[in-house]
There are 2 protein chains.
Amino acid sequence: MLDFTLENISADEVERLRAVYQPLAESVRELIDATVRTEVDAAAVAAAKAEIDSATARLRQKQTAGSFGVRYLSTGERMAWGNAVIGIRNPIAPPVQIRRDAHGTSVCDFYLGAAYEGPPGHVHGGVAALVLDHLLGEAASDGINPRLTGTISFRYVRATRLGDLHAEAVITRTEGVKTYAVGHLADAEGVTVEAEGVFIQPRWARDGSE
Amino acid sequence: MLDFTLENISADEVERLRAVYQPLAESVRELIDATVRTEVDAAAVAAAKAEIDSATARLRQKQTAGSFGVRYLSTGERMAWGNAVIGIRNPIAPPVQIRRDAHGTSVCDFYLGAAYEGPPGHVHGGVAALVLDHLLGEAASDGINPRLTGTISFRYVRATRLGDLHAEAVITRTEGVKTYAVGHLADAEGVTVEAEGVFIQPRWARDGSE
């Protein structure tokens, strides 16, 4: 059902690709923030727009037909560079970098600026859900075989300030193909959103086929 | 707690601002898609990046100190142009345009491309949550006073294909400051994600102060 691109990309080649495309996405993230916040006049906007359209035309000269997909490295590692939360090539992604601490908890520290706004000065509740959905899913997975969200619930304790944020998630139990996970998002003053979800190993990942 | 910028902006001025800034955000959305999907070489990426950085510098010459916020028009209408889901000035927003049909259901039709990917070729589960959280919140609100998410749950029926999508939401009941709403996301083959939530009128919006 879901097609993964299988590529035996070497570690050297991955680093070469990262060096080319990661700084590009970082530049576009800066541009997104500047676009939301700018107050320059119509002439300055027109000049900026012309440069942006020119850059887009350059990048479109050769491009993948659909979406980026997930590419597998020769190590078996997933390269989800287009992902909306963790994709280093996706300017929409903060991007969140998830690590496992010594207790097996999946944790991340990240910054959300003006582009992630809902209530004035605060993180959109749905953006909190976006990041937590990904983090709980990652906690529920083993790093190779993804588990996808079956059901997930969020409780909003209070509004989350835009700025430096922290989130963490952990598995509570596994029953067959179902893995249960809980987690939360926090700003400088403490927990703002709590999450719990059930994550399911997709059928196409159960029979050993990739 | 949440600061709204109060501005008595006239309808003419709104149209002038829209004509300047909406096409800019549309150009940046195209650039985001091109950035995720490009396969051009390092030299072409460097040339594009230089143009992007130049555009960013132009836009940064005058900008709002924090996030865009929500500005009120002289009509009382909210102008949430920086919003992560509906903001016409926010390149991260698809943007979703919500309308009410004859039965009072809040509906939207929108396109999600490569930048919203989770599983290969499919919408990130958290992006589905992001859009539905906003749509149910909008359904639960009266168009002037926002209601914020208290709790919300999502059930993923199956993966949602990237492409043209439809979502709708409706209030099921209201009890005091709590409004209950349900909704769903659908792709061309039918419903993919179901949502239900409780939305709460924030304290600062209950006493008539804005």
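Lettering follows sequence order; numbering is per chain, from 1. What you see is a predicted model; the values in this text were computed from it and never measured.
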Return the minimal non-hydrogen interatomic distance between B:A114 and A:N90, and the atom names on each side.
O-ND2, 4.4 Å
At a 4.5 Å cut-off on heavy atoms, which part of B:D53 comes close to chain A: side chain, backbone, both, or neither?
side chain
As a quick check of understanding, evaluate side-chain contact (heavy atoms from CB on, under 4.5 Å) for B:R89 and A:T38, giving each step before the final call.
CA-CA 10 Å; B:R89 273 195 58 167; A:T38 193; 3.6 Å; yes
Top contributor to chain A interface from B:G66, B:G87, B:A25 [non-hydrogen pairs under 4.5 Å]:
B:G66
Heavy-atom count check: over 12 atoms from other residues, nucleotides or ligands less than 6.0 Å from B:Q97 CD?
no
Does A:D33 reach the side chain of B:R60, with side-chain heavy atoms less than 4.5 Å apart?
yes
Note: B:A47 and A:R58 closest approach over all heavy atoms is CB-NH1, 3.6 Å
A:P91 side chain near B:V36 side chain, heavy-atom distance below 4.5 Å:
yes
Using a cut-off of under 4.5 Å for heavy-atom pairs, which of A:V198, A:T151, A:V157 has the most such pairs with chain B?
A:T151
Which atom pair, heavy atoms only, marks the closest approach of B:I152 to A:Y156?
CG2-CE1, 4.0 Å
So, the side chain of B:E51 versus the backbone of A:A55: is there a donor-acceptor pair under 3.5 Å, distance only?
yes
One option among B:R16, B:K62, B:R155 has the most heavy-atom pairs under 4.5 Å with chain A, and it is B:K62
Quick check on the interface: out of B:A57, B:A65, B:A19, who has the most heavy-atom pairs with chain A under 4.5 Å?
B:A65
Contacting moiety of A:H124, where chain B heavy atoms sit under 4.5 Å
side chain
Ranked by heavy-atom pairs below 4.5 Å to chain B, first place among A:V85, A:D41, A:V40 goes to A:V40
I need the residue from A:A115, A:A128, A:A195, A:P23 with the largest number of non-hydrogen atom pairs under 4.5 Å to chain B.
A:A115
Quick check for you: among A:W81, A:Y116, A:Y21, A:F154, which has the greatest number of heavy-atom pairs under 4.5 Å with chain B?
A:F154
Which one wins on heavy-atom pair count under 4.5 Å against chain B: A:G118, A:G137, A:S54, A:A50?
A:S54
Select one option (side chain, backbone, both, neither) describing which atoms of A:A46 are under 4.5 Å from chain B's heavy atoms.
neither
Considering only heavy atoms, which portion of A:L162 lies under 4.5 Å from any heavy atom of chain B: side chain, backbone, both, or neither?
side chain
B:S153 OG to A:E196 CD distance, which is reported to the nearest 0.5 Å
8.5 Å
Inter-residue atom distance A:I32.CD1 - B:I32.CD1, 0.5 Å rounding
3.5 Å
I'd like to know if the side chain of A:Q63 and the backbone of B:A34 have a donor-acceptor N/O pair within less than 3.5 Å.
no
How far apart are the C-alpha atoms of B:T56 and A:E30, what are their side-chain angles, what is the distance that settles it, and do they pass the side chain to side chain donor-acceptor pair (under 3.5 Å) test?
CA-CA 7 Å; B:T56 301; A:E30 278 295 307; over 6 Å; no
Of all heavy-atom pairs linking B:G125 and A:D133, the shortest is C-OD2, 3.7 Å
Output the option from B:V28, B:I86, B:V127, B:V123 having the highest count of non-hydrogen pairs under 4.5 Å with chain A.
B:V28
Scored by heavy-atom pairs under 4.5 Å with chain A, the best of B:E194, B:R29, B:H134 is B:H134
Matching residue for A:S27 among B:T35, B:V45, B:I52 - test: side chain to side chain contact (heavy atoms under 4.5 Å, CB included)
B:I52
Measure distances from A:A80 to the heavy atoms of chain B and classify the residue's part below 4.5 Å as side chain, backbone, both or neither.
neither
So which of B:A84, B:A44, B:G113 has the largest heavy-atom pair count under 4.5 angstrom toward chain A?
B:A84
Using 0.5 Å steps for rounding, measure from the NZ atom of A:K49 to the CD atom of B:E26.
8.0 Å
